[in-house]
Number of protein chains: 2
Amino acid sequence: MILEIFKGITLTKQETDRIENTFKKVHFKKGDIVLHTNETVTHQYYVYFGCLRTYFIDPQGKEHTIQFAIKDWWISDYIGYFSETKSVLTIECIEDATLFKIAKKDIEETYDQIPKIERFFRKKMERSFVSFQKRILANLSQPAKERYINFTKTYPNIEQQVKNYHIASYLGITTESLSRIRKEIAKK
Amino acid sequence: MILEIFKGITLTKQETDRIENTFKKVHFKKGDIVLHTNETVTHQYYVYFGCLRTYFIDPQGKEHTIQFAIKDWWISDYIGYFSETKSVLTIECIEDATLFKIAKKDIEETYDQIPKIERFFRKKMERSFVSFQKRILANLSQPAKERYINFTKTYPNIEQQVKNYHIASYLGITTESLSRIRKEIAKK
DNA sequence: CTAAAAAATTGATGTAGGATAAGAAACTAT
DNA sequence: ATAGTTTCTTATCCTACATCAATTTTTTAG
């Protein structure tokens with residue numbers, strides 16, 4: 001079951017064992033906080049099922065959603081995780097979820113032992129990088145309505161699982177504005 | 001000289017040779033376009049000196065600066081580069097520059113031969129990922145004035161080398177707005 | 001099934017930053 | 001040096017989205 005994560009990669013028995021020993025299965029209930037701010041970010045998480053998000057609370061107390069994650073996505077506070085600083089994001093479970101978590105130190109050891117795994121994560125990182133760069137581009141060049149339409153097209157599976165105010169805070173607008181945008185789209 | 005890029009990594013003579021053969025030194029003049037849109041993105045570039053930027057031209061014809069690069073930074077249209085699509089960004093030289101360019105296919109071969117190099121690029125990717133995620137966060141949570149102040153603090157070396165309208169298009173505002181913000185800051 | 005809480009909508013009003021237009025300042029090249 | 005070009009500034013007006021304040025609708029818990 002853990003091996004679904006690495007489908008497409010051929011692994012020896014020994015490698016499989018190692019991986020099965022480093023990933024831990026964990027469950028969270030809707031509303032649970034997987035990671036609070038100002039904690040050490042020791043793990044990243046693979047979503048086996050359910051839905052989570054990471055968000056940032058700005059100095060005015062407003063939430064900004066950075067990332068959603070559903071089945072087969074990975075999630076963490078990657079700012080804290082990669083730069084070895086205390087968490088700046090909160091990871092919240094927004095639909096009951098089963099995750100596989102892996103410790104940063106374990107994964108780095110695995111990189112030494114199984115280069116195929118290091119490559120897998122390098123490529124995953126490259127794909128995320130592309131999507132975050134596209135998001136910066138969209139934020140700079142499109143009005144809220146277009147960003148919302150694109151969001152619904154790009155992440156139809158996510159839209160069904162999350163609240164409107166989660167989407168609004170991802171798009172960088174208020175829940176009231178999103179409501180007006182939705183109304184406008186609906187009447188056509 | 002090329003090896004400055006990999007300072008901190010110990011390489012054998014053979015590895016050094018391979019690297020010296022795959023990186024090509026190239027010069028560009030201020031105003032030169034290193035990559036146009038809608039081209040195949042075959043290379044990424046290490047800046048030995050000079051200054052470049054990548055920008056996106058939106059459907060209304062407005063430019064949006066995605067990235068600057070000065071000495072010791074890397075630059076490319078990473079959207080096209082990693083996702084194997086035609087370029088969506090333009091790479092422009094904004095101060096006479098000397099670059100080392102490396103072909104994607106060469107670097108991927110190098111990854112097979114020198115795992116230390118794959119690791120170097122993985123870590124570089126992780127650091128970029130962090131900074132782009134911080135930028136998304138800043139764009140979502142700060143007004144233009146604060147984003148500008150942070151920009152000047154974070155990239156003092158870049159500010160001196162680029163035009164105000166480059167900075168404006170990086171911050172997601174017009175050059176007129178940036179002018180007002182600068183005036184406001186100056187009068188205090 | 002129902003009360004309470006959470007989420008979404010709607011309306012009225014405010015504001016940061018955009019658009020347009022013009023002029024001033026700073027480079028650039030002869 | 002000086003004409004031409006590019007960049008920056010300033011002023012006026014405008015718009016997308018925010019804020020505030022009620023409701024209405026939906027979800028949740030007993």
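First the proteins, then the strands, lettered A, B, ... as listed; each starts at 1.
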Report the distance from atom [atom1] of [X] to atom [atom2] of [N], rounded to the nearest whole Å.
{"X": "B:Y165", "N": "C:dA19", "atom1": "OH", "atom2": "P", "answer": "17 Å"}
{"X": "B:N139", "N": "C:dA16", "atom1": "CG", "atom2": "C1'", "answer": "15 Å"}
{"X": "B:K29", "N": "C:dA29", "atom1": "NZ", "atom2": "P", "answer": "11 Å"}
{"X": "A:I167", "N": "C:dA7", "atom1": "CD1", "atom2": "P", "answer": "13 Å"}
{"X": "B:R182", "N": "D:dT10", "atom1": "CZ", "atom2": "P", "answer": "10 Å"}
{"X": "B:E184", "N": "D:dT9", "atom1": "CD", "atom2": "C1'", "answer": "14 Å"}
{"X": "B:E159", "N": "D:dT7", "atom1": "CD", "atom2": "C1'", "answer": "15 Å"}
{"X": "B:I94", "N": "C:dC27", "atom1": "CD1", "atom2": "P", "answer": "16 Å"}

Would you say B:Y45 and B:I91 make side-chain contact, with heavy atoms under 4.5 Å? yes
Flag the pair B:K145 / B:R180 as yes when at least one side-chain heavy-atom distance between them is below 4.5 Å, and no otherwise.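 No. Closest side-chain heavy atoms not under 4.5 Å.
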Of the non-hydrogen atoms in A:W73 and A:F68, which two are nearest, and what is the gap between them?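 Minimum heavy-atom contact is CE3-O, 3.3 Å.
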N or O in side chain of B:N164 less than 4.0 angstrom from D:dC8 OP1/OP2: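 Yes.
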OP1 or OP2 of C:dT28 sitting under 4.0 Å from any side-chain N/O of B:K30? yes
Does the protein touch nucleotides 11-25 of chain D at the base, only the backbone, or not at all? Give it as B, S and - per nucleotide, heavy atoms under 4.0 Å. BB----SSBBB----
More than 12 heavy atoms of other residues, nucleotides or ligands under 6.0 Å from NZ of A:K116: is that the case? yes
If you count the non-hydrogen atoms of other residues, nucleotides and ligands that lie under 6.0 Å from NZ in A:K7, is the total more than 12?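 More than 12 heavy atoms, drawn from other residues, nucleotides or ligands, come within 6.0 Å of this atom.
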Mutual orientation of the aromatic rings belonging to B:Y78 and B:F82 [parallel < 30°, tilted 30-60°, perpendicular > 60°]: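 Answer is parallel, since the angle falls under 30°.
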